[in-house]
Amino acid sequence: MSEPGSSQRDSRYDILFEPVRIGPKTTKNRFFQVPHCNGMGYRDPTALAHMRGVKAEGGWGVVCTEEVEIHPSGDITPYIELRIWDDQDIPALALTAERIHEHGALAGIELCHNGADAPNLWSREVPMGPTALPVATFQYHPVQARAMNKRDIRDFRQWHRAAALRARTAGYDLIYVYAAHGLSLLQHFMSRRYNQRSDEYGGSMENRVRLLREVIEDTRDAVGDSCAVPVRISLDELLGAEGLERAEVEDMIGTIGDLPDLWDVTLSGWENDSMTSRFAEEGHEEPFIAGVKKLTNRPVVGVGRYTSVDRMMSIINKGIVDLIGAARPSIADPFLPDKIRHGRVEDIRECIGCNICVSGDFTMSPIRCTQNPTMGEEWRKGWHPERIRARESDKPVLVVGAGPAGLEAALALGKRGYEVTLAEAGTELGGRVVRECRLPGLSAWRRVKDYRELQLRKLPAVAIFPDNALDASQVLELAVPRVVVATGARWRSDGVGRHWTQPIPIAESARIFTPDDILDVSLPEKGPVLIWDDDHYYMAGVVAEKLADIGLKVIYATPAAEASTWTRNTLEQGFIQTRLLNKGVEIIPFHALARVDANLATLACTFTGRERSVSASSVVLVTSRLPRQQLLLDLMTQQDAWLDAGIETVTAIGDALAPATIAHAVYAGHRYAEELDAEAPAEGQLPFKREVTGLWP
Ligand code: ADP
Ligand code: SF4
């Protein structure tokens, strides 16, 4: 889809739109949506099919599924992926392939047996792997895998073959053999860590790669020339000699170089592959990928959170890859290829590398994205990342506050054609993101504001007024029928959060800071500084980094077992704790801040209540936020004046209603715009579509 009047692309980018042969198939361009999880899987098949379809519509030449379990003995419950256990799974998988084909893309399916990583909590099969070892999941299930015998290996090959045939029946063009991310039985066989066998499947590199070779041959034999057979492999586990290392994996690739039709290369585990922008820059996997093409005549696809066209051009021109692999950039902007094709590079909604998308998989909820509020809502709510229906009234809207919620509301309303006034108290737009992007590692978050500000400037019906803090009387004077209060929130300074729901005792002489003070660059002058994290997301961790960076002694106390514990859901926790420890931050887990006196903080063990004192010249409270609701409350108490002022509705959205993530705020802004003048769901109807499991006939 191109915007009316859009220009044609820069001819330098033509190379990105060259077709590439992948075995018996040809992709129309070099944009390749690699497999990615999404928390919808077998539970929400129609929503999932539509999500993939929108990527194809946006111009991706290849669109793949997430991992698809081939057999109940490789059941990754509680995670919700796809399944191809028997023929009953074919219709749901076929729906996704159809949606992808409708837009001329190739459909890829990632067949997977989770092997020693599968606790089989749903199927209750006994887990199995190359060697008898505990199941290696994120959650330490008290379950062990048995060592596979020759019969098991034969069975596994047969299951993979049957799954490949079903995948072909379901209409897939690329049928993946998956050996990556530590999530696949085939990788477990490749790795000395998991494979301690003494038969022909263990020991030497050639033996450990034997099963992979056999399964590639089986798959090709099963699907013949009708489908391509890519292999997804991890080049390094970043565990040093303990894990798979690049040199060894390159040897493995060398021995089977031209057996698959495509090499899809990654890092392992998933946290190393999908690193956030806080810990890795665009293209961080390039040093590992460079060199793979020398080992094979087959095309190579690699990822690296690529959103910059010049960077994409560079890795193609340097011969590092043949295809630009993307999961997150395709989530943040399903229309990225189309925008490049039509010379609209500046319209790309660039991924910020926050991994909120990943948290969908970890929380078993449908995928959501900070930048793209329509992600996962394509079918549930009928939202589209590029199209929105025209306005249904002539009534203008006043949006107060230009944080993520207000910016997205104004943008989506403006695209609908509403006349919008956007007022912002600060001199800059962006609310919390322009403030937080100055904290260590968060600079890419600025894109939330940059993208929206640029798009807003293209909408003549949106008037933007920075440096305009509005009070209720000014809002009444403006006499705009619809008022959106997107005034955000501020951090509390009384210790109230999850652990304590009442203020904690704080001496008047104590020096207390909140993240807002840190953002205002009003910093503690001397240490030690105690940071009390009862928020559990990224904020306490970045504040600790910032203060350690200016040379202060930092102590980090949390009632949780670890720093920033929620960031397990964004694959960051391990990196955060490592960085804090390396910066000399002392982490005290399982302790609640009981009270603060001048130069002294008292912590209580969350189990025994036993107290300990910590010398601290200042304390930073990272607990929870209070909605900035003065304007809302004032307008509500003056409802009698609304009629004269022509005001019909006043609606609080985003953090001003209930503080949450930036993704929640963007979603709230978009939702307001989508639902304005739409008919409310009838009594008893839900505000979204859902699929309900059918009863056994
Ligand atoms: P959200 O995440 O919900 O978008 P933010 O805190 O990021 O919330 O943004 C809220 C924005 O609203 C901030 O930029 C703040 O300066 C602005 N703001 C707050 N009160 C007013 C007001 N009365 N008038 C105009 N802007 C306001
Ligand atoms: Fe990128 Fe964050 Fe969206 Fe994921 S949620 S695609 S990391 S912007």
Side-chain angles (χ1 to χ4, degrees), residues 36-38 274-278 282 305 307 326-334 336 349-361 367-376 385 398-410 421-437 444-445 447-449 451-452 464-475 478 483-491 516 519 569-572 625-635 652-669 672:
H36 72 76
C37 305
N38 52 78
S274 293
M275 284 174 100
T276 57
S277 54
R278 186 170 166 192
E282 179 169 356
R305 212 172 358 91
T307 57
R328 289 170 293 176
S330 77
I331 293 167
D333 198 338
L336 179 146
R349 203 185 303 105
E350 285 186 284
C351 168
I352 69 166
C354 63
N355 279 6
I356 282 292
C357 49
V358 172
S359 76
D361 197 53
I367 187 168
R368 63 283 319 274
C369 168
T370 301
Q371 277 286 58
N372 175 10
T374 69
M375 179 47 47
L398 168 67
V399 179
V400 187
L407 282 173
E408 176 62 25
T421 304
L422 174 62
E424 163 56 45
T427 50
E428 251 187 305
L429 306 187
R432 63 184 285 192
V433 291
V434 276
R435 287 158 61 75
E436 293 181 20
C437 74
W445 291 22
R447 295 171 172 184
V448 173
K449 168 244 173 194
Y451 166 74
R452 287 173 178 78
I464 304 174
F465 298 95
D467 218 357
N468 262 283
L470 298 185
D471 61 20
S473 62
Q474 288 167 312
V475 170
L478 283 168
V483 178
V484 181
V485 178
T487 48
R490 62 183 169 76
W491 286 90
D516 285 315
L519 291 163
N569 298 310
T570 55
L571 297 169
E572 291 173 290
R625 289 176 291 154
L626 279 170
R628 217 181 269 117
Q629 283 188 337
Q630 197 56 52
L631 175 64
L632 179 72
L633 298 175
D634 291 348
L635 285 169
I653 63 166
D655 291 341
L657 181 62
T661 66
I662 298 169
H664 281 79
V666 173
Y667 172 79
Y672 177 86

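This is a predicted model, so every value here is computed, not measured. One is the number of the first residue; the rest follow in order along the sequence. Just follow the structure's listing: the first ligand is 1, and inside any ligand the first atom is 1.
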If you round to the nearest 0.5 Å, how far is [atom2] of [Y] from [atom1] of [X]?
X    : Y    : atom1 : atom2 : result
T421 : I464 : OG1   : CD1   : 10.5 Å
I653 : Y667 : CD1   : OH    : 12.0 Å
I331 : C357 : CD1   : SG    : 4.5 Å
R349 : D333 : CZ    : CG    : 4.5 Å

Protein residue, atom and distance nearest to [atom], heavy-atom basis:
atom                    : value
atom 9 (O) of ligand 1  : G403 CA, 3.3 Å
atom 11 (C) of ligand 1 : E424 OE1, 3.5 Å
atom 3 (Fe) of ligand 2 : C369 SG, 2.3 Å
atom 6 (S) of ligand 2  : R328 O, 3.4 Å
atom 1 (P) of ligand 1  : D655 OD2, 3.7 Å
atom 21 (C) of ligand 1 : T487 CG2, 3.6 Å
atom 5 (S) of ligand 2  : C357 N, 3.3 Å
atom 4 (O) of ligand 1  : A405 N, 2.8 Å
atom 23 (N) of ligand 1 : L470 O, 2.9 Å

Within ligand 2, which atoms have a heavy atom of [X] less than 4.0 Å away?
X    : result
I352 : 1 (Fe), 8 (S)
T370 : 3 (Fe), 5 (S)
G353 : 1 (Fe), 7 (S)
I331 : 6 (S)

Look at the N, O or S atoms of C354, main chain and side chain alike, and state whether any lies under 2.8 Å from atom 2 (Fe) of ligand 2. yes
With side-chain hydrogen bond (donor to acceptor under 3.5 Å, both in side chains) as the criterion, how do R328 and Q371 come out once you've worked through the C-alpha distance, each side chain's angles and the decisive distance to 0.1 Å? CA-CA 10 Å; R328 289 170 293 176; Q371 277 286 58; over 6 Å; no
Around atom NE2 of H36, are there more than 12 heavy atoms of other residues, nucleotides or ligands at under 6.0 Å? yes
Would you sort out whether L635 and L631 count as a side-chain contact (heavy atoms from CB on, under 4.5 Å), showing the intermediate values? CA-CA 6 Å; L635 285 169; L631 175 64; 4.0 Å; yes
For V433 and I662: C-alpha separation, side-chain torsions, deciding distance, then whether side-chain contact (heavy atoms from CB on, under 4.5 Å) applies. CA-CA 8 Å; V433 291; I662 298 169; 3.6 Å; yes
Give the numbers and elements of all ligand 1 atoms closer than 4.0 Å to a heavy atom of [X].
X    : value
A423 : 25 (C), 26 (N)
A486 : 10 (C), 11 (C), 12 (O)
A469 : 24 (N), 25 (C)
G654 : 3 (O)
G401 : 11 (C), 12 (O), 17 (C), 26 (N)
G488 : 5 (P), 6 (O), 8 (O), 10 (C)
P404 : 1 (P), 2 (O), 4 (O), 7 (O)
R432 : 2 (O), 5 (P), 7 (O)

Between E408 and A665 (side chain of the first, backbone of the second, donor and acceptor by atom type, cut-off under 3.5 Å), is there such a pair? no
Would a distance-only check, ignoring hydrogens and angles, find a side-chain to backbone donor-acceptor pair under 3.5 Å from N355 to E572? no
Any non-hydrogen atom of I662 lying under 4.0 Å from ligand 1? no
Mode of L429 contact toward ligand 1 - side chain, backbone, both, neither (heavy atoms, under 4.0 Å): neither
Could you say whether the N/O atoms of A425 and ligand 1 ever approach to under 3.5 Å? yes
Closer than 2.8 Å to atom 3 (Fe) of ligand 2: does that hold for any N, O or S atom in C351? no
Between D516 and R435 (salt bridge meaning N to carboxylate O under 4.0 Å), is one present in this structure? yes
Can a salt bridge be assigned to the pair E350 and R447 using a cut-off of 4.0 Å between side-chain N and carboxylate O? yes
